[in-house]
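Letters A, B, ... mirror the listed sequences (proteins, then strands); counts begin at 1. Just so you know, these numbers use all the heavy atoms, side chains as well, and skip hydrogens, waters and symmetry mates.
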Protein chains: 2
Amino acid sequence: MRHSRQRDLILDLVRSRALNHPTAQDVHDAVRDHMPGVSLGTVYRNLHQLVEQGEIVAVQAEGPLHYDWNRQAHHHLHCSRCGALVDLPLELEDKVREKARHLGHSADIVDIHVRGTCSRCLNTST
Amino acid sequence: MRHSRQRDLILDLVRSRALNHPTAQDVHDAVRDHMPGVSLGTVYRNLHQLVEQGEIVAVQAEGPLHYDWNRQAHHHLHCSRCGALVDLPLELEDKVREKARHLGHSADIVDIHVRGTCSRCLNTST
DNA sequence: CTAATTGCAAACGTTTTGCAGCGTT
DNA sequence: AACGCTGCAAAACGTTTGCAATTAG
């Protein structure tokens with residue numbers, strides 16, 4: 001894998017605090033602020049590549065994929081009120097893996113997805 | 001909600017043992033064996049409706065949505081070898097909900113998704 | 001009768017891909 | 001020089017939708 005200004009920028013942006021679990025579209029928008037010519041195709045290509053290299057992680061919710069700089073974070077709360085994706089440090093992977101093994105399966109990736117309301121929304125509404 | 005031959009058939013098929021976590025496409029193929037004229041759009045419309053009525057459940061994996069007659073089953077193992085979706089009775093929802101509450105969130109739906117190898121594949125390979 | 005449901009086909013949102021040329025090594 | 005990467009545009013994919021005709025209550 002060679003270097004490219006585009007990919008470096010994309011990785012920086014996904015890793016930045018500014019973007020919270022961005023979609024490819026979000027990344028594209030942010031990228032264009034710094035390098036106007038970058039195409040959406042390039043963003044998709046590079047996000048995919050960075051996931052393959054293990055530099056970032058793809059997170060599935062309803063709708064488009066989201067990307068996460070945190071390679072450990074596989075658990076998320078998807079807020080029904082504001083739509084945000086919030087990291088969820090659950091530490092239940094071992095329990096899931098163990099139960100899966102008991103059922104005769106072998107577990108590689110454990111991914112817990114919660115639909116609900118995030119703390120921010122719960123607080124601002126009351 | 002009125003009755004229609006098409007919807008009744010679709011519900012029967014999703015509930016049948018013959019189809020295992022079928023996608024809309026799978027359901028369409030099966031439907032056409034009994035009623036050749038049914039359109040894919042009708043299958044999508046009815047699956048969506050049946051989910052809204054709580055008759056069946058939609059399951060997200062990579063790729064297209066899958067449908068499950070089992071309204072409780074929110075946990076699945078997605079086999080990397082054969083691609084099958086296998087129900088996973090984990091009974092960890094309460095633990096997840098509790099942890100989410102500790103973090104200040106409120107959890108509605110808990111959905112655990114495991115990537116791995118199913119027991120069937122583990123046994124047939126050895 | 002009326003309103004839900006259908007088949008069809010077109011459109012949608014997201015993602016992938018083929019290609020000729022450009023950039024990095 | 002070699003080959004990976006780019007922008008562009010077209011296509012793939014899963015899904016939804018508008019419409020006029022049909023069907024169930």
Side-chain angles (χ1 to χ4, degrees), chain A residues 1-14 19-68 76 78 83 85 113, chain B residues 1-14 19-68 76 78 83-85 111 113:
Chain A
M1 189 156 90
R2 283 186 189 168
H3 273 257
S4 85
R5 311 169 150 290
Q6 289 90 334
R7 184 159 47 235
D8 293 349
L9 176 52
I10 288 167
L11 182 51
D12 279 3
L13 284 169
V14 175
L19 267 38
N20 174 255
H21 296 96
T23 64
Q25 203 39 263
D26 295 335
V27 174
H28 188 221
D29 293 346
V31 163
R32 295 191 104 151
D33 290 346
H34 299 76
M35 279 179 75
V38 179
S39 76
L40 186 54
T42 293
V43 172
Y44 273 106
R45 258 188 302 240
N46 282 317
L47 287 171
H48 188 260
Q49 242 166 139
L50 290 167
V51 169
E52 288 228 310
Q53 307 295 307
E55 299 286 342
I56 61 177
V57 142
V59 180
Q60 192 143 43
E62 293 113 277
L65 279 180
H66 297 248
Y67 294 89
D68 198 340
H76 298 88
H78 190 178
L85 225 48
H113 180 261
Chain B
M1 189 155 91
R2 282 187 191 167
H3 273 259
S4 85
R5 311 169 151 290
Q6 288 88 335
R7 183 158 50 236
D8 293 350
L9 176 53
I10 288 167
L11 181 52
D12 279 2
L13 284 169
V14 175
L19 267 40
N20 175 255
H21 296 97
T23 63
Q25 205 35 264
D26 295 335
V27 174
H28 188 222
D29 292 347
V31 163
R32 295 191 103 152
D33 289 348
H34 298 75
M35 280 179 74
V38 179
S39 76
L40 187 54
T42 293
V43 172
Y44 274 106
R45 256 188 303 239
N46 282 317
L47 287 171
H48 188 259
Q49 241 166 138
L50 291 167
V51 169
E52 289 227 309
Q53 306 295 306
E55 298 286 343
I56 60 177
V57 143
V59 180
Q60 192 143 44
E62 294 114 274
L65 280 180
H66 297 247
Y67 295 88
D68 198 340
H76 299 87
H78 190 176
L85 225 50
D111 205 333
H113 181 261

[N] [atom2] sits how many Å from [X] [atom1], rounded?
X      : N       : atom1 : atom2 : value
Q49(B) : dA3(C)  : CD    : P     : 17 Å
L50(A) : dG4(D)  : CG    : P     : 17 Å
M1(A)  : dT24(C) : CE    : C1'   : 14 Å
R7(A)  : dG4(D)  : CZ    : P     : 11 Å
I10(B) : dT6(C)  : CD1   : C1'   : 11 Å
E52(A) : dT16(C) : CD    : P     : 10 Å
N46(A) : dT17(C) : CG    : P     : 15 Å
D8(A)  : dG4(D)  : CG    : P     : 17 Å

Query raised in the report: Is the side chain of D26(B) donor-acceptor paired with the backbone N or O of T23(B) at a distance under 3.5 Å, no angle test?
Result: yes

Query raised in the report: Ignoring hydrogens and geometry, is there a side-chain-to-backbone donor-acceptor pair from R7(B) to L50(B) under 3.5 Å?
Result: no

Query raised in the report: Closer than 4.0 Å, any side-chain N/O of Q6(B) to the OP1 or OP2 of dG7(C)?
Result: yes

Requested in this report: Determine, for nucleotides 13-25 of chain D in 5'-to-3' order, which nucleotides have protein heavy atoms under 4.0 Å from the base (write B), from only the sugar-phosphate (write S), or from neither (write -).
Outcome: -SBB-B----BBS

When rounded to the nearest 0.5 angstrom, what is the spacing between [atom1] in [X] and [atom2] in [Y]?
X      : Y      : atom1 : atom2 : value
L19(A) : D68(A) : CG    : CG    : 11.5 Å
I10(A) : E55(A) : CD1   : CD    : 13.0 Å
Q6(B)  : M35(B) : CD    : CE    : 4.0 Å
Y67(B) : N46(B) : OH    : CG    : 11.0 Å
H48(A) : I56(A) : NE2   : CD1   : 10.5 Å

Query raised in the report: Hey, do the aromatic rings of H66(A) and H76(A) have their centres closer than 6.0 Å?
Result: no

Requested in this report: Might you confirm whether atom CZ of R5(A) has over 12 heavy atoms from other residues, nucleotides or ligands at distances under 6.0 Å?
Outcome: no

Query - Range-with-range stems for DNA chain C, at least three Watson-Crick or G-U pairs under 3.5 Å - result: C:1-25 with D:1-25

